[in-house]
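Just so it is clear, the structure is predicted and the values come from calculations on it, not from any experiment.
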Amino acid sequence: MTAMFPYGPEPRGSEPPEDHRRRENPSADGRTAASGTGRAATLRDLDPAKVTALVEDATAAPSMHNAQPWRFRFLRGDRALLLYSDLARAMPRADPTTRGLHLGCGAALFNLRVAAAHAGWAAATELLPDPAEPRLLAVVRLDGPDPTGAGTEEDLAPLYPAIRRRRTSRHPFTDEVIAPALKDTLCAAALLEGARLLFPDAWHIHTLLELVRDAEGRDAMDEALSQELGHWTRVGAGAADKTGDGVPQDAFGPRRLYGRAPVRDFAGRHPVPGRAAARFEDAPQLAVLGTQGDRPRDWLLAGQAMERVLLQATLDGLATSLTSQALDWPELRWTVRDPQSAMGFVQMVLRLGYGPAGPGAPRRPVREVLDISG
């Protein structure tokens, strides 16, 4: 029986198939304020083409193993876009709490906000609006467009060009040091979304790298985890297809010959013919993103902050990748945190530097993730 919610029935595809292969500073209740009340916006202003374009930008976000675990539903009468988690794309072994899934959906939500600001729409965002339906992660109500720009999150629009340029790079970075001023800019970006970004000292980076090495060993010994990773890995025929999901072999990057950079090897135990080997950086530049709490709302805030940092870093000429190996093991995750910091819970470790941006990952067609009602 299909459950009914205040915003209508849940979207198609929210049940697992039989074959399971702010920026106005975020408030405590998870809302993003927006003015613009009373502006007339006809339904024609939000035609399917415009809604599709917004969602297409949203789905350019990163997600764990590029699973793209989101669904969107647009309610014409309410001028509202609903973001749902797609639990059919959850990873029970690697992400049993769905923390990583929420981070990816939070990143998609932030892209949606950026795209709306770029298009001149005022957007009011509410996180987890229905306690009875945890899969409904956010509602974004659009009001506009308004030629004056009133009510839009104006500081987000400049980030828009980075949505398509952002890539996950699993290539070596140079030894060029990121300037302190640029680090400050990235830390400020995280704060704007209710999270904190810290650049660890050398001793803490050493600890992080040891924890990643520990996690890599555990991953290699866990058969269920290897099978789950293999499901989201595309090698051989079909790997070059730019539609779909998962991590294709051209996004693996070279095999690590030397160096300590924490880069997940999606090839696992299976060598890829013709894959090059390279020396990675010995002193990787890492940043730790965290929140005060560790609940679904915090994960969504962290996902938005993560994407804001990634987009800002892309605009500033940095290559980026995400490192979650040590965070996937609860007994290791607690030791990732710097005990001298005020950060409560680490949500992601970012690797930043100067180097190749990496190829674009495949994306599911918007028609697979968007329903339009009314």
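- A donor-acceptor contact shorter than 3.5 Å links the side chain of Thr323 to the backbone of Pro262.
- Taking 4.5 Å as the limit, some side-chain heavy atom of Thr185 sits within range of a side-chain heavy atom of Gln312.
- At most 12 non-hydrogen atoms from other residues, nucleotides or ligands lie less than 6.0 angstrom from CD of Gln292.
- Cluster partners of Met221, using a side-chain heavy-atom cutoff of under 4.5 Å among ILVMFWY residues and allowing indirect links: none.
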Salt bridge (Lys or Arg N to Asp or Glu O under 4.0 Å) between Asp316 and Lys183, intermediate numbers included: CA-CA 10 Å; Asp316 291 332; Lys183 291 182 178 180; over 6 Å; no
Show me, pair by pair, the donor-acceptor contacts under 3.5 angstrom made by side chains of residues 353-361, not counting sequence neighbours?
none

Full working for salt bridge (Lys or Arg N to Asp or Glu O under 4.0 Å) between Asp265 and Arg255: CA-CA 7 Å; Asp265 189 351; Arg255 180 172 55 85; over 6 Å; no
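- Between Arg170 and Ala251 the shortest heavy-atom distance is NH1-O, 2.9 Å.
- Tested against Asp371 for a salt bridge (Lys or Arg N to Asp or Glu O under 4.0 Å), the candidates Arg71, Arg73, Arg76 yield a single pass: Arg71.
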Verdict with supporting geometry, Asp155 and Arg308, salt bridge (Lys or Arg N to Asp or Glu O under 4.0 Å): CA-CA 11 Å; Asp155 66 315; Arg308 184 165 194 145; 2.4 Å; yes
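- In this structure, a donor-acceptor pair under 3.5 Å is present between the side chains of Asn111 and Glu307.
- A donor-acceptor contact shorter than 3.5 Å is absent between the side chain of Ser85 and the backbone of Leu87.
- Figure legend: cation-pi geometry between Arg279 and Tyr258, with NZ or CZ positioned under 6.0 Å from the six-membered ring centre and within 45° of its axis.
- Residue pairs meeting the ring pair (Phe, Tyr, Trp, His ring centres under 6.0 Å) criterion with at least one member in residues 173-222: none, sequence neighbours excluded.
- Around atom CG of Asp282, more than 12 heavy atoms belonging to other residues, nucleotides or ligands sit under 6.0 Å away.
- Within the 4.5 Å cutoff, no side-chain heavy atoms of Trp70 are placed close to those of Leu101.
- With contacts defined as side-chain heavy-atom distances shorter than 4.5 Å, the pair Val177/Asp175 does not qualify.
- With sequence neighbours excluded, the residues satisfying side chain to side chain donor-acceptor pair (under 3.5 Å) with Arg218 are Asp214, Glu331.
- Residues passing the ring pair (Phe, Tyr, Trp, His ring centres under 6.0 Å) test with Phe280, sequence neighbours excluded: none.
- Between Leu191 and Leu197, the closest side-chain pair of non-hydrogen atoms is not below 4.5 Å.
- Atom CZ of Arg364 sits about 6.5 Å away from atom CG of Asp245, to the nearest 0.5 Å.
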Which donor-acceptor pairs under 3.5 Å do side chains of residues 58-67 form with protein atoms, sequence neighbours excluded?
unit_1	atom_1	unit_2	atom_2	d
Thr59	OG1	Val55	O	3.2
Thr59	OG1	Glu56	O	3.0
Ser63	OG	Ala67	N	3.3
Ser63	OG	Gln68	N	2.9
Asn66	OD1	Gln68	NE2	3.3
Asn66	OD1	Arg363	NH1	2.6
Asn66	ND2	Gly246	O	2.7
Asn66	ND2	Pro362	O	3.2

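- Atom CZ of Arg213 sits in a sparse spot, with 12 or fewer heavy atoms from other residues, nucleotides or ligands closer than 6.0 Å.
- At least one side-chain heavy atom of Trp232 sits less than 4.5 Å from a side-chain heavy atom of Met91.
- With salt bridges taken as basic N to acidic carboxylate O contacts below 4.0 Å, none links Arg89 and Asp95.
- At a threshold of 4.5 Å between side-chain heavy atoms, the hydrophobic network of Ile, Leu, Val, Met, Phe, Trp and Tyr places Leu192 and Leu186 in two separate groups.
- Taking the side-chain contact (heavy atoms from CB on, under 4.5 Å) definition, one finds that Ala224 meets it with Arg93, Asp222, sequence neighbours left out.
- Partners of His118 under the ring pair (Phe, Tyr, Trp, His ring centres under 6.0 Å) rule, at least two apart in sequence or in another chain, are Tyr160.
- Contacts of Arg351 classified as side chain to side chain donor-acceptor pair (under 3.5 Å), with partners at least two apart in sequence or in another chain: Glu281, Ser321.
- At distances below 3.5 Å, at least one donor-acceptor pair connects side-chain atoms of Asp298 with backbone N or O atoms of Arg295.
- Not counting sequence neighbours, the partners of Gln347 by the side chain to side chain donor-acceptor pair (under 3.5 Å) test are Arg99, Thr291, Asp294, Arg333.
- Taking a cutoff of 4.0 Å between a charged side-chain nitrogen and a carboxylate oxygen, Glu216 and Arg256 qualify as a salt bridge.
- Hydrophobic cluster membership is shared by Leu137 and Phe72, with clusters built from Ile, Leu, Val, Met, Phe, Trp and Tyr side chains linked at under 4.5 angstrom.
- Inter-residue side-chain proximity for Leu159 and Phe110 is flagged as met; some heavy-atom pair is nearer than 4.5 Å.
- Tracing side-chain contacts under 4.5 Å through hydrophobic residues (I, L, V, M, F, W, Y), one reaches Val369 starting from Leu83; they form part of the same cluster.
- Using a 4.5 Å cut-off between side-chain heavy atoms of Ile, Leu, Val, Met, Phe, Trp and Tyr, with links allowed through other members, Val263 and Phe266 fall into different hydrophobic clusters.
- Residue Met343 belongs to a hydrophobic cluster whose other members are Leu198, Ile205, Leu208, Leu209, Leu211, Leu225, Leu286, Val288, Leu327, Trp329, Leu332, Val336, Val346, Val349, with links defined by side-chain heavy atoms closer than 4.5 Å.
- Remark: Asp184 pairs with no residue by the side chain to side chain donor-acceptor pair (under 3.5 Å) rule, at least two apart or across chains.
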